[in-house]
Structure formats: structure tokens, C-alpha cells
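Below is one structure; the comments refer to it alone.
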Protein chains: 2
Amino acid sequence: MARTATTADVFNAIAEERRRDILDVLRDGEAGVDQLGRRLHLPQPQVSKHLRVLREVDLVRCRVVGRHRVYRLHAPALRPLHDWVRAYEALWNERLDRLDGLLAELQQEDPR
Amino acid sequence: MARTATTADVFNAIAEERRRDILDVLRDGEAGVDQLGRRLHLPQPQVSKHLRVLREVDLVRCRVVGRHRVYRLHAPALRPLHDWVRAYEALWNERLDRLDGLLAELQQEDPR
DNA sequence: TTGACATATTCCGATATCGGAATATGATCG
DNA sequence: CGATCATATTCCGATATCGGAATATGTCAA
């Protein structure tokens with residue numbers, strides 16, 4: 001047993017910088033494979049392969065227009081990631097110290 | 001040229017589920033290597049190895065206490081991740097549709 | 001139908017990654 | 001010092017991953 005598989009979930013999908021680049025471009029609107037390639041200076045097969053990974057975790061969807069494929073962002077798939085980070089949001093402010101102080105005060109007010 | 005290296009940035013560090021597990025535990029407070037191993041049912045070397053990765057991206061820091069090492073979360077290192085996701089936050093609400101409607105209204109009010 | 005174009009897939013080589021076992025390091029205690 | 005405990009590192013095998021090149025698929029247009 002080795003290597004538990006990866007690339008199959010959102011966390012791994014966005015771990016790759018190129019894929020984040022692709023998503024960033026798509027944030028400004030739909031785009032075809034060739035357009036993405038040109039903007040990111042990536043050869044077409046790479047783009048297609050990254051898009052496949054993104055498609056498999058539902059981060060992008062595509063629409064067929066003639067012989068083109070127009071990809072668009074599907075942001076809701078980022079939710080798990082967002083929710084996970086959010087749990088830590090409160091923790092990186094040093095303002096937590098103030099919260100500690102506040103809690104101490106509250107305890108004094110009602111020493112129970 | 002192949003495989004551009006990974007595991008060296010926050011995005012890759014948290015791509016691994018076990019490492020997220022470790023961080024989740026540390027969210028509740030400091031912990032030693034053995035404690036982490038017991039709570040997560042992981043053998044000690046794995047824990048140490050994952051902690052190393054997390055340490056290298058500054059997601060955890062550690063303090064030496066006798067022959068123990070007490071690890072703690074260093075949440076600010078999650079910032080890049082947080083910032084990245086945040087740019088997408090607005091995009092996954094279907095409420096965007098309403099925004100579109102609003103914009104249309106505004107355009108009618110001032111049709112120039 | 002044939003050719004041109006857009007995209008997807010496959011094959012390849014190099015390398016990173018993970019888990020497991022064994023071992024090394026380091027510190028405390030008797 | 002020697003034993004023991006806590007943690008880190010190294011070595012290994014299996015496999016996933018990425019980039020690049022070549023090729024397959026699929027669609028339109030003449």
C-alpha cells in the first residue's frame with residue numbers, strides 16, 4: 001500500500017499552480033482551451049489535461065460550441081475548501097488576545 | 001524536466017488529508033507527536049514526517065519541553081490560501097443573479 | 001468525402017510522494 | 001555512563017504526477 005491517490009478532490013486539484021492559474025483566468029469569464037493556452041503560455045495538451053482534473057472535481061464545466069469547447073468556472077465546488085479555511089480564520093488574528101481578555105472580564109462579572 | 005516540485009507551499013501542504021487532520025487537532029490546542037499519533041491512529045514516523053512538511057511551510061511551530069516536542073498551529077500561514085479562495089467567494093452564490101438584476105435596474109435609471 | 005481545425009487522450013521518462021520498517025538522534029533519569 | 005523514552009531521519013517499494021510528443025477523436029466547411 002502506498003500513495004492513497006490524489007487529484008481526485010478539490011484540495012489536490014487546486015494544489016497545482018497551473019490549475020489555479022486557469023481558474024483565475026476563468027474568473028473573468030468563459031474561455032476556450034486555446035485561449036487559456038495562449039494566455040497562460042501553456043501547450044494545448046497540458047491545458048486539456050488540467051481542465052480534465054478540474055472537471056472531475058466539478059470546478060469547471062464546459063459547453064460545446066461548434067468545434068470549440070467553452071469552459072466556465074463552477075465556483076460552488078470550492079465550498080469544502082472555503083469551509084475548511086474558515087474554521088481557522090479566527091485564529092490568525094492576534095486580536096484573539098483581546099478576546100481572551102474579554103472572556104476574563106466576563107468571568108469576573110459572573111463568577112458563579 | 002518533469003514534476004515541478006510540490007509540498008513546498010501551503011496549497012500542497014494541506015492537500016494531504018492527514019495533514020489537514022493534524023491541523024484540525026491542533027486547532028484545539030498544542031499537542032505532542034505521540035498524542036497526535038494516538039488521536040489520529042497514525043504511526044509515529046508518519047506523524048513526524050507530516051509535521052515536517054507543515055513546519056516547512058510554517059503552518060506549525062514547535063517548542064521543546066524536556067524530551068517532548070509540543071507542536072502548535074501557526075494559522076497566519078493559511079493566509080495565502082484564504083485570500084485565494086476569497087476571490088471566488090462572491091461567485092458561488094446564485095444570488096449573483098439578483099446582482100445582475102440590480103445592475104440592470106441601475107442601468108435603466110441612468111440610461112446614458 | 002476530404003481536409004482543416006479544436007480538443008482530448010495516450011505513451012513516455014523523470015521524479016515526487018506516501019506508507020512502512022528500521023535506525024539515528026537527543027534528552028532525561030537512575 | 002547506560003538504559004529508556006520521544007522524536008526525527010533514512011531506506012525501500014509502489015505508485016501518482018507532471019511535462020512533452022505523438023496520436024486519436026470529433027466537428028465543420030468546401
Side-chain angles (χ1 to χ4, degrees), chain A residues 1-23 25-26 29-73, chain B residues 1-23 25-26 29-73:
Chain A
M1 233 167 289
R3 294 232 77 191
T4 339
T6 162
T7 233
D9 63 291
V10 181
F11 289 89
N12 278 284
I14 67 145
E16 202 56 51
E17 190 166 12
R18 311 307 181 108
R19 290 196 284 260
R20 265 173 285 149
D21 291 342
I22 290 179
L23 294 176
V25 171
L26 291 180
E30 302 184 324
V33 177
D34 52 344
Q35 294 175 50
L36 289 167
R38 271 196 306 272
R39 278 199 225 174
L40 299 171
H41 302 292
L42 287 176
Q44 174 266 315
Q46 316 280 19
V47 179
S48 284
K49 281 188 274 189
H50 284 310
L51 282 172
R52 182 163 146 106
V53 175
L54 293 172
R55 229 186 309 131
E56 274 166 356
V57 299
D58 202 27
L59 267 169
V60 302
R61 295 178 172 184
C62 84
R63 181 163 57 89
V64 179
V65 176
R67 48 190 161 184
H68 292 244
R69 256 157 224 231
V70 182
Y71 279 83
R72 64 180 185 282
L73 180 63
Chain B
M1 231 166 292
R3 293 232 78 190
T4 339
T6 162
T7 232
D9 63 293
V10 181
F11 289 88
N12 277 283
I14 67 144
E16 201 56 50
E17 191 166 11
R18 311 307 180 110
R19 291 198 281 262
R20 265 174 285 149
D21 291 341
I22 290 178
L23 293 177
V25 171
L26 290 180
E30 302 183 325
V33 178
D34 51 345
Q35 294 174 50
L36 288 168
R38 272 196 305 275
R39 278 200 226 174
L40 299 172
H41 302 293
L42 287 177
Q44 175 267 316
Q46 316 280 18
V47 179
S48 283
K49 281 187 275 189
H50 284 311
L51 282 172
R52 182 164 148 105
V53 175
L54 293 171
R55 228 186 309 132
E56 275 166 355
V57 299
D58 203 26
L59 268 168
V60 302
R61 294 177 172 185
C62 84
R63 181 163 56 92
V64 179
V65 176
R67 50 190 160 183
H68 292 244
R69 256 158 224 231
V70 182
Y71 279 83
R72 66 179 183 283
L73 181 63

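Per chain, numbering begins at 1; letters A, B, ... match sequence-line order.
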Which residue lies toward the 5' end of DNA chain D, A:Val53 or A:Val65, if each is placed at its nearest nucleotide? A:Val53
Minimum heavy-atom separation for A:Leu26 and A:Tyr71, please, with both atom names. CD2-O, 3.5 Å
In whole angstroms, how far is the P atom of C:dG19 from the CG atom of B:Leu51? 13 Å
A:Ser48 and its side-chain hydrogen bond (donor to acceptor under 3.5 Å, both in side chains) partner, picked from A:Gln46, A:Gln44, A:Arg52: A:Gln44
Ignoring the backbone of B:Tyr71, work out which of C:dT28, D:dA8, D:dC28 is nearest its side chain. D:dA8
Which of D:dT7, D:dG20, C:dT7 is nearest the side chain of A:Ser48? It is C:dT7
In whole Å, I'd like the distance from the CZ atom of B:Arg18 to the P atom of C:dT17. 17 Å
Is the phosphate of C:dA8 approached by A:Gln44 (side-chain N or O, under 4.0 Å from OP1 or OP2)? no
Between D:dA6, C:dA6, C:dG20, spot the one nearest the side chain of B:His68, thanks. D:dA6
Checking the side chain of A:Arg20 only, and the main-chain atoms of A:Ala15 only, is there a donor and an acceptor separated by less than 3.5 Å? yes
Quick note, A:Val33 side chain, CB onward, closest among D:dT10, C:dT7, C:dT9 is C:dT7
For B:Leu36 and D:dA6, give me the distance from atom CG to atom P, rounded to whole Å. 14 Å
Listed nucleotide nearest any side-chain atom of B:Pro45, set C:dA22, C:dT7, C:dT28: C:dA22
Counting only heavy atoms not in A:Glu56, do more than 12 sit closer than 6.0 Å to its CD atom? yes
Considering just the side-chain nitrogens and oxygens of B:Arg52, establish if one lies under 4.0 Å of OP1 or OP2 belonging to D:dT9. yes
Any side-chain N or O of A:His50 less than 4.0 Å from the OP1 or OP2 oxygen of D:dG19? yes
OP1 or OP2 of D:dG20 versus the side-chain N and O atoms of A:Gln46: is any pair under 4.0 Å? yes
Test side chain to side chain contact (heavy atoms under 4.5 Å, CB included) applied to B:Ile22 and B:Leu59, B:Leu36, B:Val53, the passing residue: B:Leu36
Using OP1 and OP2 only, check whether a side-chain N or O of A:Arg19 sits under 4.0 Å from D:dC18. yes
